[in-house]
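Basis for what follows: all heavy atoms, side chains included, without hydrogens, waters or symmetry-related copies. Quick caveat: nothing in here was measured; it's all calculated off a predicted structure. Throughout, a chain's letter reflects where its sequence line sits, starting with A, and its residues are numbered from 1.
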2 protein chains.
Amino acid sequence: MAQDTARPSPRRDSSSITLQDIAAHSGVSRSTVSLVLRESPLVADRTRLKVQRSIKELGYVYNRGAAALRGSRTSTLGVVVYDIANPFFGAMVAGIDAALNKEGYVSFLANSEDSPQRQQRFLERMREHSVDGILLCPAEGTPPSLIDTLAEWQLPCVQVLRHIGAPPFDYASSDFVLGVHQAVDHLVALGHRRIAFLGGYAEHSATQERWQGYAEALAHHGLDYQRLIRGNVTRSAGLELIETLMREAPRPTAVICHNDLVAFGAMLGLKRLGLTPGQDCAVIGTDDVEEATLGDPALTSVATHPYAIGEEAARLALRRIADPDGAREQVVLAPRLQVRESCGGSLTETPATSPATAGSPP
Amino acid sequence: MAQDTARPSPRRDSSSITLQDIAAHSGVSRSTVSLVLRESPLVADRTRLKVQRSIKELGYVYNRGAAALRGSRTSTLGVVVYDIANPFFGAMVAGIDAALNKEGYVSFLANSEDSPQRQQRFLERMREHSVDGILLCPAEGTPPSLIDTLAEWQLPCVQVLRHIGAPPFDYASSDFVLGVHQAVDHLVALGHRRIAFLGGYAEHSATQERWQGYAEALAHHGLDYQRLIRGNVTRSAGLELIETLMREAPRPTAVICHNDLVAFGAMLGLKRLGLTPGQDCAVIGTDDVEEATLGDPALTSVATHPYAIGEEAARLALRRIADPDGAREQVVLAPRLQVRESCGGSLTETPATSPATAGSPP
DNA sequence: TTCTAGATTTAGACCCATCCAAAAAGATGC
DNA sequence: GCATCTTTTTGGATGGGTCTAAATCTAGAA
């Protein structure tokens with residue numbers, strides 16, 4: 001109670017100061033200090049100020065580990081992606097980070113490298129660390145039962161980009177079906193009739209949705225030509241696949257690519273074949289990465305907004321944590337076709353389609 | 001002790017099982033179970049097996065939060081980068097993740113967006129979470145005192161790619177000085193005499209080292225021409241900077257770029273000016289990202305091995321955690337010039353320089 | 001002045017593992 | 001059989017918060 005000004009402030013070994021010390025210093029109980037720390041409205045203003053002064057003066061450091069032990073939240077989240085070196089995921093993680101940061105959350109990140117085993121190990125570790133929830137981009141070959149396991153563990157999980165297991169589940173992604181529709185519509189409007197689709201394997205929901213959109217859109221426009229080449233979704237895959245494709249007869253006059261990397265590879269492949277992208281063959285990518293603007297030619301691309309997806313996924317996770325039994329949600333952002341030179345249209349930039357609204361996944 | 005087979009295994013609400021339950025079930029004390037969990041050699045084999053069986057049978061989940069409260073380690077690390085959307089950092093984070101994973105560590109990731117404030121907030125939060133250490137790529141404008149602050153906090157910190165504060169400090173990076181030397185040497189061998197350097201600002205140690213290498217190498221070869229253009233390190237910056245540069249007289253015959261993004265921008269800029277990269281002007285990048293192989297033309301680049309840097313940084317952090325007062329280390333990997341088409345040499349790939357050995361930073 | 005609802009504050013149990021010192025059990029030597 | 005070492009095991013204190021229910025303190029009502 002009395003201000004002991006006799007000795008210089010008895011600041012102990014930095015962070016060994018506890019609630020008890022603050023309580024003693026400010027003349028209240030441990031409980032009250034705890035309430036102040038958690039910004040409870042129960043505490044009277046005078047008391048709050050007094051305690052806050054002590055906290056600052058003694059250089060107190062909140063111990064979240066201890067708090068988590070008794071309390072119910074850790075303010076941590078686990079995030080699993082399968083290829084963090086891919087800039088798409090980089091942007092997505094940036095979005096997640098920004099959204100979590102606002103709410104005082106921090107996230108553990110794991111790169112599964114598309115290995116279900118690594119993914120599993122990480123999730124078990126997350127359980128041991130008692131994270132409040134999981135953001136999961138499921139690795140290729142993840143058993144659908146994983147979602148049930150997480151549910152048994154009482155660990156809220158938001159699936160991102162890909163989904164496994166049976167609905168209803170929490171999910172955040174882009175509407176890939178709609179994206180391909182937009183691309184096909186645009187090409188048809190430009191007069192194309194032979195439109196191919198490049199890249200992807202059937203295992204992922206995200207690929208299946210693209211293919212579904214492709215088939216639907218062709219049917220919708222009454223087009224007969226249909227050519228879908230499976231393959232990896234890398235630059236070099238695009239390079240190889242386009243060579244196969246252009247050797248066929250009849251050739252397509254346009255290709256839609258699984259992502260921008262494939263599209264860049266395809267454009268390079270066209271050039272190596274002596275063809276001009278956008279003139280001899282239109283190319284449309286997916287994702288609209290930064291590089292698309294500065295390609296040669298600039299790439300028309302279905303923008304899938306990874307940063308926004310990351311933000312939405314994080315926010316959805318926070319909602320689910322706050323209300324674990326709430327109705328499952330699917331936040332599926334509408335993509336937007338970004339028209340540039342690679343599909344031979346004019347060089348002017350045309351705002352192409354509807355503004356962002358929610359669609360629905362299969 | 002007696003196997004209570006009367007009722008179906010009394011598996012309670014999933015994860016509410018504690019050491020106490022295991023102890024009771026296997027007929028030993030809590031302490032012994034704890035020793036088993038930590039793989040202590042003190043425990044007799046018979047006992048260990050018995051306990052492990054109980055652990056499995058009851059579906060026990062280790063509570064790391066509780067362990068951390070009493071013990072001294074959390075097996076967690078904080079990682080701060082300033083631009084996770086950049087594939088270079090993506091690869092680096094992948095390396096960090098892989099190295100940590102092997103040792104049972106997990107990491108919190110934050111994207112500072114080059115904001116010292118965000119970085120500061122994150123570091124404070126990491127302290128509250130009692131991470132065992134920090135991997136820090138300091139944000140632009142980070143006060144050098146931050147390193148002292150972390151030391152006061154008793155938080156081991158390995159700086160990565162950039163460094164601030166006074167030596168000795170723990171640091172993992174690439175030898176940027178040597179990288180530029182390699183690039184200049186190669187260009188000089190090809191007959192170039194007017195070599196410019198593109199991009200970067202003086203604030204970062206990583207930029208300063210590149211510039212130092214540039215100046216040193218020119219002096220070493222007795223070249224008079226010296227032209228260094230500051231600027232951002234993005235694709236579009238490269239595009240703009242090269243235009244400025246090529247309008248000068250005399251023009252350089254070669255440019256070395258701060259990173260590959262700048263180099264790609266520069267190549268695009270050359271094409272827009274009607275010049276051919278590798279013929280009218282040689283271009284060399286830094287980092288050797290995947291895309292370099294598939295550029296048009298393929299880009300000669302100083303490979304800086306981000307994945308390896310990430311691994312080394314993580315391992316160094318683990319060493320420092322194990323031995324907080326050990327001598328500070330600087331792990332600086334030697335880069336390697338990857339010769340391709342963009343500097344006009346032949347199209348054959350020449351293994352250019354020495355294999356990886358450690359160099360030393362300024 | 002006494003009573004009471006509402007606003008504040010608090011004591012003490014609790015979360016779940018780890019640490020330490022000391023006890024118990026087993027092995028060995030004479 | 002007893003003392004002496006080892007090898008194993010263990011009780012109880014401990015870490016630093018949060019939770020609950022109850023205690024205390026107001027100010028306005030009766």
Review point. Is there a donor N/O on one and an acceptor N/O on the other, under 3.5 Å, for the side chain of B/Thr18 and the base of C/dA17?
Key: no
Revision key, fill the gap. Here the distance between atom P of C/dT18 and atom CG of B/Leu19, to the nearest Å, is 6 Å
Review point. Does the pair A/Asn111 and B/Val93 meet the rule for a side chain to side chain contact (heavy atoms under 4.5 Å, CB included), with working shown?
Key: CA-CA 9 Å; A/Asn111 188 39; B/Val93 167; over 6 Å; no
Point to revise | Proximity to the side chain of B/Val28 - top-ranked nucleotide from D/dT18, C/dT9, D/dT10 | key: D/dT10
Point to revise | Side-chain donor/acceptor of B/Ser29 to base of D/dG11, under 3.5 Å | key: no
Practice item. When you get a sec, tell me which of D/dT9, C/dT10, C/dC16 is the closest nucleotide to the side chain of A/Leu69? Key: C/dC16
Review point. Between B/Glu312 and B/Arg315, does at least one N-O distance fall below 4.0 Å, as a salt bridge requires?
Key: yes
Point to revise | B/Arg70 side chain near C/dC16 phosphate (N/O to OP1/OP2, under 4.0 Å) | key: no
Check your understanding: So, B/Arg127 and B/Asp132, do they make that salt bridge, N to O below 4.0 Å?
Key -> no
Point to revise | Rounded distance (Å) that lies between atom C1' of C/dA17 and atom CZ of B/Arg38 | key: 8 Å
Practice item. Tell me whether the OP1 or OP2 atom of C/dT18 has a side-chain N or O from B/Ser31 closer than 4.0 Å. Key: no
Review point. Do the ring planes of A/His163 and A/Tyr171 sit parallel (below 30°), tilted (30 to 60°) or perpendicular (above 60°)?
Key: perpendicular
Point to revise | Candidate nucleotides C/dT8, D/dG11, C/dA17, ranked by approach to the side chain of B/Tyr60 - the nearest | key: C/dA17
Review point. Toward the 5' end of DNA chain D, which comes first, B/Ala66 or B/Thr32, by nearest nucleotide?
Key: B/Thr32
Practice item. Write down the distance between CZ (A/Arg48) and C1' (C/dT9), rounded to a whole number of angstrom. Key: 14 Å
Exercise for review: Write down the distance between CD1 (A/Ile17) and C1' (D/dG17), rounded to a whole number of angstrom.
Suggested key: 16 Å
**Study point:** B/Leu37 CG to C/dT18 P, straight-line distance once rounded to whole Å
**Key:** 7 Å
Check your understanding: When the ring centroid of A/Phe89 is compared with that of A/Tyr82, is the distance short of 6.0 Å?
Key -> yes
Exercise for review: Provide, to the nearest angstrom, the distance between the CG atom belonging to B/Leu42 and the C1' atom belonging to C/dA22.
Suggested key: 14 Å
Point to revise | Whole angstrom value for the distance that separates P of C/dT8 from CD of A/Glu39 | key: 17 Å
Practice item. Respond yes when some side-chain nitrogen or oxygen of B/Thr47 is under 4.0 Å from OP1 or OP2 of D/dT9, and no when none is. Key: yes
Check your understanding: For A/Arg64 and D/dG15, what is the distance between atoms CZ and C1' respectively, to the nearest whole Å?
Key -> 18 Å
Exercise for review: Please determine, for the side chain of B/Arg30, which listed nucleotide (C/dT18, D/dT10, C/dT8) has the closest atom?
Suggested key: C/dT18
Study note, to complete from the structure: The nucleotide from C/dC16, D/dG17, C/dT9 with an atom nearest the side chain of A/Leu35 is C/dT9
